[in-house]
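Following: one structure in structure tokens, then a few remarks.
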Amino acid sequence: MTGTSRSAGVTTELLDRHSAVVGLAARARALVEEFAKDAAPYDRVPRTMLDADFVPGAHLNLTLFFRSWLDGCDPSELDTRPLVDRAVSLMRDGMPLHDVLENYRVGMFYLWSQLARSASDTERRLLTEVGLPITKYLSLVMARIASACVEEARTRPWDELERRRGILDALLAGRDPAAWTNGEPAEVGESFLVAVVRLGEPSPGTLTELRHRIHDLPGSLLRRDVGGWTALIPVEPAADSAAATAELAARLGPRAADGTPPSLWVGVSHASTHTAVPASFAEARVVAELGRCLAREEIVCRRQDLRFEYAVAVDSSARHELASVLQPLADQPVLAQTLDAFFTNDCNQNAAARILCVHRNTVTYRLLRIGELTGYDPQHPAEAMTLSAARIAALLETKSFAA
């Protein structure tokens, strides 16, 4: 074999290997995309791993690991900052450092074991090489996490954080927080803006950044949960709830100028007294979930702006029944798309036709067909209301509404 032939053979082998690694990375990302905390196989993963930042954090870990495996370069501290910040945030919320680091070991083992079960012959050969690169990557990231958490422990009054979590939990459950106030109940606000955060598809670190913005508000109380965050933000008892909501929206930042839906939604409700907090908490959860499921343009959502949608959401039996109204359109995507365009454009057929790039008569025909299949005429005001409610119910069912 000539030198040129050998060189060409090596080049081809390297290209094949690179292609196989890229394919393995794509499969790993797809596995993360299938994440559903209550469905197999994720139902066997420790609950402490499955907070709201799990998916974006897992994607970032995969991106950094495969990049370092391919080019042989360690990720920079800036690259891993969202991962470190998330770990510090988990520790702030009471997770021991041992569990924070253990989650990395368990998570990586779980992911690779899942990949190995369905690996091709080429991928199996690659997986035999992964030991050293993955050990190097995990050691680097875990060392940075441990260093940051130790530094955080030196500077943070952990007893105070635990006390504030106790106050928050008591208020949300409708209990007297006196046991956590050191005999000084006046330090707990009388009235709160209850804010519940739910996520769409945020970039890594989004939730941690949001936490910092809310945490900086004087007297605010925060708690992480699987879906996002819950916060109690003190306001004056006689404060205008609309003004307080607008102030919070401004603090969280403007929505995208191009009209892209936000990556998170905050449901808010005003609790004028301590005893009103549990009901306001329940309301804010529903509103936050509505924002997520309906992909609202506004980051901050209130019940007052979603009265019709709220009424559909809170009655689960009525919601299921309404969603079934559109079942005849399940295998009619064109008709379903037309109905969406019709309602999105305030029942204006001309506007719907422009959006769909069809003639107005085509929209009219499709609406008639929808009426025939569902038994409800979209062009009749009373029946259109039923279809509109059914459309909302179906969206909530599709998006796994849970509040």
*Spell out, as yes or no, whether a donor-acceptor pair under 3.5 Å connects the side chain of Thr63 to the backbone of His59.*
yes
*Please tell me if the side chains of Leu232 and Ile167 come closer than 4.5 Å, counting only heavy atoms from C-beta onward.*
no
*Could you verify whether a donor N or O on one side chain and an acceptor N or O on the other, from His270 and Ser280, lie under 3.5 Å apart?*
no
*Look at atom CZ of Arg223 and say whether more than 12 heavy atoms of other residues, nucleotides or ligands are closer to it than 6.0 Å.*
yes
*Can you tell me how far CG of Leu387 sits from CD1 of Ile392, rounded to the nearest 0.5 angstrom?*
11.5 Å
*Is Arg27 reaching over with its side chain to a backbone N or O of Leu115, donor-acceptor style, under 3.5 angstrom?*
yes
*Does a side chain donor of either Arg144 or Thr80 reach within less than 3.5 Å of an acceptor in the other side chain?*
yes
*Going through the distances and angles, do Val363 and Val358 end up as a side-chain contact (heavy atoms from CB on, under 4.5 Å)?*
CA-CA 7 Å; Val363 172; Val358 298; 3.8 Å; yes
_Using 0.5 Å steps for rounding, measure from the CG atom of Leu367 to the NE2 atom of His380._
14.5 Å
*Can a donor-acceptor pair be found between the side chains of Glu190 and Thr273 at a distance below 3.5 Å?*
no
*Determine whether more than 12 heavy atoms belonging to other residues, nucleotides or ligands lie under 6.0 Å from atom CD of Glu247.*
no
_Arg366: salt bridge (Lys or Arg N to Asp or Glu O under 4.0 Å) partners, not counting sequence neighbours_ = none
*Among all residues two or more places apart in sequence or in another chain, which pass the side-chain hydrogen bond (donor to acceptor under 3.5 Å, both in side chains) test with Thr386?*
none
_Once rounded to the nearest 0.5 Å, what's the spacing between atom CG of Leu138 and atom CD1 of Ile134?_
5.5 Å
*asked:* Are more than 12 heavy atoms, taken from residues, nucleotides or ligands other than Phe343, located less than 6.0 Å from that residue's CZ atom?
replied: yes
*Any pair with a residue in residues 64-80 that passes salt bridge (Lys or Arg N to Asp or Glu O under 4.0 Å), sequence neighbours left out, goes on the list, sorted by first then second residue, please.*
Arg67-Asp79, Asp74-Lys136
*Distance from Leu396 atom CG to His320 atom NE2, nearest 0.5 Å?*
10.5 Å
_Qualifying salt bridge (Lys or Arg N to Asp or Glu O under 4.0 Å) pairs with a residue from residues 312-336, counting only residues at least two apart or across chains_ = Arg319-Glu397
*Taking the side chain from Trp265 and the backbone from Arg296, do they hold a donor-acceptor pair closer than 3.5 Å?*
yes
_For the CD atom on Glu236, are there more than 12 heavy atoms of other groups (residues, nucleotides or ligands in this structure) within a distance under 6.0 Å?_
no
*Is there a donor-acceptor contact under 3.5 Å from the side chain of Arg302 to the main chain of Ala284?*
no
*Is a donor on one side and an acceptor on the other found under 3.5 Å between the side chain of Ser68 and the backbone of Leu64?*
yes
_With Tyr137 via ring-ring contact (aromatic ring centres under 6.0 Å, His included) - residues at least two apart_ = Phe65
_Using side-chain heavy atoms (C-beta onward) and a distance below 4.5 Å, is Val235 in contact with Phe192?_
no
*Can you find a pair of side-chain heavy atoms, one from Asp377 and one from Ile370, that are under 4.5 Å apart?*
no
_Considering only residues two or more places apart or on different chains, which pairs with a residue in residues 333-359 satisfy salt bridge (Lys or Arg N to Asp or Glu O under 4.0 Å)?_
Asp340-Arg391
*asked:* Taking Cys347's backbone N and O only, do any of them form a donor-acceptor pair with Asn345's side chain (distance below 3.5 Å, no angle check)?
replied: no
